[in-house]
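Below, read A as the first sequence line, B as the second, and so on, with proteins coming before strands; counting in each chain starts at 1.
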Amino acid sequence: MGRHPKNPQGSNQDALDVKPLRTLAPFFPAHLVFDNFNQSSNPPLVCITPFGPSSGDFGSPIPSNFSPPVPSFAAAQPQVTPVKRPRGRPPKIASNGSNGPIKATPISAFHTPPSFTEMDEEDESIFVTETSSRGRKIKRPSRLGSSSAERSDSAKVKKVKPLKPVRKVPENEIAALRVSYNDPRENVEAIMMIFDALRRRLLQLDESSNLNGRQDLKAGAIMLANDLKANAGKRIGPVPGVEVGDIFYFRMEMCIIGLHAPSMAGIDYMTAKFDNQDDPVAICIVSSGGYENEEDDVDFLIYTGQGGSTKNEDQKLERGNLALERSLYRKNQIRVVRSAKDPNCQTGKIYYYDGLYKIQNSWKEKAKSGINVFKYKLLREPGQPEGLAVWKMTQKWKENPSGRGRVILSDLSSGTENIPVCLVNDVDNEKGPTHFTYITKVKYLKPISLMKPLQGCKCQSVCLPGDINCSCAQQNEGDLPYSSLGLLVSRKPLIAECGSSCQCSFNCRNRVTQKGIRLHFEVFKTRDRGWGLRSWDPIRAGTFICEYTGELIDEVRVDMNDEEDDYIFQTAYLGEKTSRWNRGTELLGEPSTNESTEAQNLLPITITAKSMGNIARFMNHSCSPNVLWQPVLHDHGDEGHAHIMFFALKHIPPMTELTYDYGVSGSNDERIGGFGSRRAKKCLCASPNCRGFFG
DNA sequence: GTTACCTCAAATGG
DNA sequence: CCCATTTGAGGTAA
């Protein structure tokens, strides 16, 4: 049993131990009503009617929607039947609902998606005025158009800023975004990828015009207005395609993949049927550090109810708090999202899905501010992958790398990288990979001084977004390729960073990959794929990971018979996911880029890391990769010999293996082929869309 | 019961 | 701290 926190009732209740008190008053727990909870550690049988004291000094009047008590208390996993569909189109429940333990359908699941045929035909700009979540048009005469002009001269009308319309895009323009995959995880990933591409582009636009906007909210609104979401409708239990450990940088991300619907509130709940009775139960909570929660333990969490703080008044047993109370009684699983501090991201916070919990007990107590709040103790369901434990572990290792067990070498790079690269083997007794020389830079065929130089800019201090005079921005299609945090905004055939011929300083934001690695990596022994690479840090999509260093090979000089070289990188194959990486800007009315032509235009670059290389040589292949490559110039201008830089394709939780798509050899597809003599290897990536072989 | 609003809370995020 | 912003729940009236 885990430690028990201070519990006002002093009871060490086990989750499965049914307390007589609650049996008597399942709908209005006495300990939440009476103020004398400090007096007895185990209250005697106090009979309280379900509609008990309507207003204690703390409890609010019983909501009118309270239903009578249900005698059954047995089912740990209650049978839930769908709520009768009230109206509208049926919900889009993921066809692969295998991991939904309870088929519960909330009333709110039946939102009518925005209809593209309903639009005003005169409205050629395809801007709808505004739609509610139910897809209905909302008339807000006080806020919109000419009527507000009339109103303004009558004065005394509350000053309201006109609402910006959310763009609804013609179906044919965004058909490419609506691809549906057989695997629910692929669908979730696809939605996340579109969201982030859209968000990054909105950020880039805002930065270049010196605006401060909420790109996360904007991107989310556009996604929802165009019905781009995964796992529509609410559910109890797991969400298809979302796994324990998955990380998020915005609340909106959890919203559009069906993990946690409210954009701000911490408690997501729904009405579900239990034994033919409707009951509002909590389905997901976010514990993000705003309240006095106890969230330091791996096995449990003490969560504070919502409300009260802004008005400085006692919390009420309504909304999320009521739902949590009902969940205590119904014993349903609740998803928990925790947060971790991350100084590297703007909000300083990362959310991660920590898996399923059940409420063990609840009580009320006085918060520091003096108001009475509800507390809920949630126990983590057994048998789930580690969540918080991973974060605690990696945090310790970062502070003290020698604390990492099974270390073979504390720094594989022998001090040549910014941050030591740990070499570990948790699996067997192999003492490390075969010998190679660690190099942080590519070995070219001729000295860089003899290569074509890179054109430099004349920016003072740093290059700024939106500066039309910056020649480096011009080389990158007019925009700086990285956001102010150094994240790649969109993938391009070639990126030109600022270099030695530029007048800007080393702090210029257009110098990202030339500064070397920034993450705590470890090279580790995998179970069945030799050595692999992973990171102790969480990695946000667009983050620079590392370069592929090695010896550059002239195409004509490739020894086609060298079958033993497993360490060749080549630019022949972009990868299906990578080619989708920029998608989303269509939602802003920008033309979509045709990535398939890009691969053909690209000059072939081949690097071998067989005898010399860096951490990149340990990155394994996956047909469902989390890393992409991007050619970058910075110390010379020879496009045919650009640096190969790797970036995170999606958010990558700590300790997740980093992989990229090697492509397939022997394919008829010219984009994929290229290295005919290399033997195709059986792929062990185990992703649902695995192609079976890679080159 | 259904529909079309309206109002409000919310552990966001700059 | 201040505040703009979004979503969904819940209420009300037709």
Side-chain angles (χ1 to χ4, degrees), chain A residues 63-65 83-88 106-112 129-143 158-166 199 202-203 206-207 210-225 229 232-234 248-256 258 260-271 278 280 282-293 295 301-311 313 315-316 318-324 336-339 345-351 367 373-374 376 484-485:
Chain A
S64 57
N65 60 355
V83 175
K84 197 179 153 201
R85 184 161 80 94
R87 63 177 177 272
I107 294 170
S108 60
F110 300 96
H111 294 170
T112 308
T129 50
E130 186 182 355
T131 46
S132 76
S133 57
R134 296 185 180 175
R136 288 191 301 261
K137 287 187 181 171
I138 298 173
K139 272 186 260 157
R140 296 201 189 186
S142 62
R143 292 183 164 209
K158 210 166 146 193
K159 189 187 90 190
V160 191
K161 245 173 78 178
L163 291 173
K164 277 177 213 146
V166 174
R199 206 206 94 254
L202 286 166
L203 175 65
D206 278 1
E207 280 182 345
N210 226 351
L211 285 172
N212 268 333
R214 286 285 301 271
Q215 302 85 21
D216 57 322
L217 294 181
K218 248 183 247 170
I222 293 172
M223 296 286 287
L224 292 174
K229 56 192 166 197
K234 298 196 180 196
F248 307 94
Y249 286 78
F250 294 97
R251 291 285 303 261
M252 244 342 153
E253 292 179 322
M254 297 184 272
C255 184
I256 57 172
H260 187 93
S263 56
M264 295 181 184
I267 306 167
D268 193 4
Y269 58 101
M270 67 182 280
T271 302
D278 280 354
I283 56 174
C284 186
I285 59 168
V286 178
S287 179
S288 57
Y291 279 49
E292 297 159 21
N293 296 339
E295 44 196 12
L301 168 73
I302 293 180
Y303 189 78
T304 308
Q306 65 185 187
S309 53
T310 48
K311 293 185 208 153
E313 60 187 27
Q315 290 186 344
K316 297 189 182 104
E318 59 185 27
R319 300 169 189 275
N321 301 341
L322 176 61
L324 284 165
V336 169
V337 175
R338 298 198 190 223
S339 72
C345 78
Q346 214 148 27
T347 62
K349 199 176 2 182
I350 294 179
Y351 302 99
V373 296
F374 295 100
Y376 300 89
S484 57
L485 288 171

Whole Å only: how far is the CZ atom of A:Phe248 from the P atom of B:dG13?
-> 13 Å
Taking all atoms of both residues into account, what is the closest heavy-atom pair of A:Pro262 and A:Arg251, and its distance?
-> O-NH2, 3.2 Å
Given atom CE of A:Met254 and atom C1' of B:dG13, what is their separation to the nearest angstrom?
-> 13 Å
Which dot-bracket string describes DNA chain C (Watson-Crick N1-N3 plus N6-O4 or O6-N4, or G-U N1-O2 and O6-N3, all under 3.5 Å; [ ] crossing; | other strand)?
-> .|||.|||||||||
Only counting residues at least two apart or in another chain, list the ones meeting salt bridge (Lys or Arg N to Asp or Glu O under 4.0 Å) with A:Glu207.
-> A:Arg509
Report which part of the nucleic acid A:Arg214 touches: base, sugar-phosphate, or nothing (heavy-atom distance under 4.0 Å, all strands).
-> base
Can you find a side chain N or O atom of A:Lys311 that sits less than 4.0 Å from OP1 or OP2 on B:dA9?
-> yes
For DNA chain B, whose closest nucleotide is more 5', that of A:Asn293 or that of A:Gly213?
-> A:Asn293
Of the nucleotides C:dT6, B:dT12, B:dG14, which has the atom closest to the A:Gln346 side chain?
-> B:dG14
Quick one: does A:Lys316's side chain get under 4.5 Å of A:Asn321's, heavy atoms only?
-> no
For B:dG14, does either OP1 or OP2 sit under 4.0 Å from a side-chain N or O belonging to A:Lys349?
-> no
Rounded distance in Å - CZ (A:Phe374) to P (B:dA10) = 12 Å
Nearest-nucleotide pick for A:Ala261, side chain only, options being B:dG13, C:dT6, C:dG8 = C:dG8
Whole-Å gap separating C1' (C:dT5) and CG (A:Leu211) | 16 Å
Name the nucleic acid region contacted by A:Tyr351, choosing base, sugar-phosphate or nothing; use a 4.0 angstrom heavy-atom cut-off, strictly under.
-> sugar-phosphate
A:Asp206 CG to B:dG13 P, straight-line distance once rounded to whole Å | 16 Å
Reported OH-to-CZ distance for the pair A:Tyr303 and A:Arg338, which is rounded to 0.5 angstrom = 12.0 Å
Which part of the nucleic acid, if any, lies within contact of A:Ser309, taking any heavy atom under 4.0 Å across all strands shown: a base, the sugar-phosphate backbone alone, or nothing?
-> nothing
Nearest to side-chain heavy atoms of A:Met264, which nucleotide of C:dT7, C:dT6, B:dG14 = C:dT6
Does the ring of A:Tyr269 meet both stacking tests against the six-membered base ring of C:dG8: centre distance under 5.5 Å and plane angle under 30°?
-> no
Smallest heavy-atom separation, A:Asp268 atom then A:Ala261 atom, equals OD2-N, 2.9 Å
Which of these nucleotides, C:dA9, B:dA11, C:dT7, is closest to any side-chain atom of A:Ser263?
-> C:dT7
Could you state the CD-P distance from A:Gln306 to C:dG8, rounded to the nearest angstrom?
-> 15 Å
What does A:Asp216 touch in the nucleic acid at a heavy-atom separation under 4.0 angstrom: a base, only the sugar-phosphate, or nothing?
-> sugar-phosphate
Would A:Tyr291 and A:Val373 satisfy side chain to side chain contact (heavy atoms under 4.5 Å, CB included), going step by step from the backbone distance to the final call?
-> CA-CA 10 Å; A:Tyr291 279 49; A:Val373 296; 5.7 Å; no
In whole Å, what is the span from the NE2 atom of A:His260 to the C1' atom of C:dA9?
-> 13 Å
With sugar-phosphate meaning primed atoms plus P, OP1 and OP2, does A:Gly320 contact a base, only sugar-phosphate, or nothing at under 4.0 Å between heavy atoms?
-> nothing
What residues, two or more places apart in sequence or in another chain, satisfy side-chain contact (heavy atoms from CB on, under 4.5 Å) together with A:Asp206?
-> A:Leu211, A:Gln215, A:Lys218
Contact class for A:Thr347 (heavy atom, under 4.0 Å): base, sugar-phosphate, or nothing?
-> sugar-phosphate
Heavy atoms under 4.0 Å, any strand shown: does A:Ser287 hit a base, just sugar-phosphate, or nothing?
-> base
Does any non-hydrogen side-chain atom of A:Phe374 lie less than 4.5 Å from one of A:Leu324?
-> no
Could you state the CD1-C1' distance from A:Ile222 to C:dT7, rounded to the nearest angstrom?
-> 16 Å
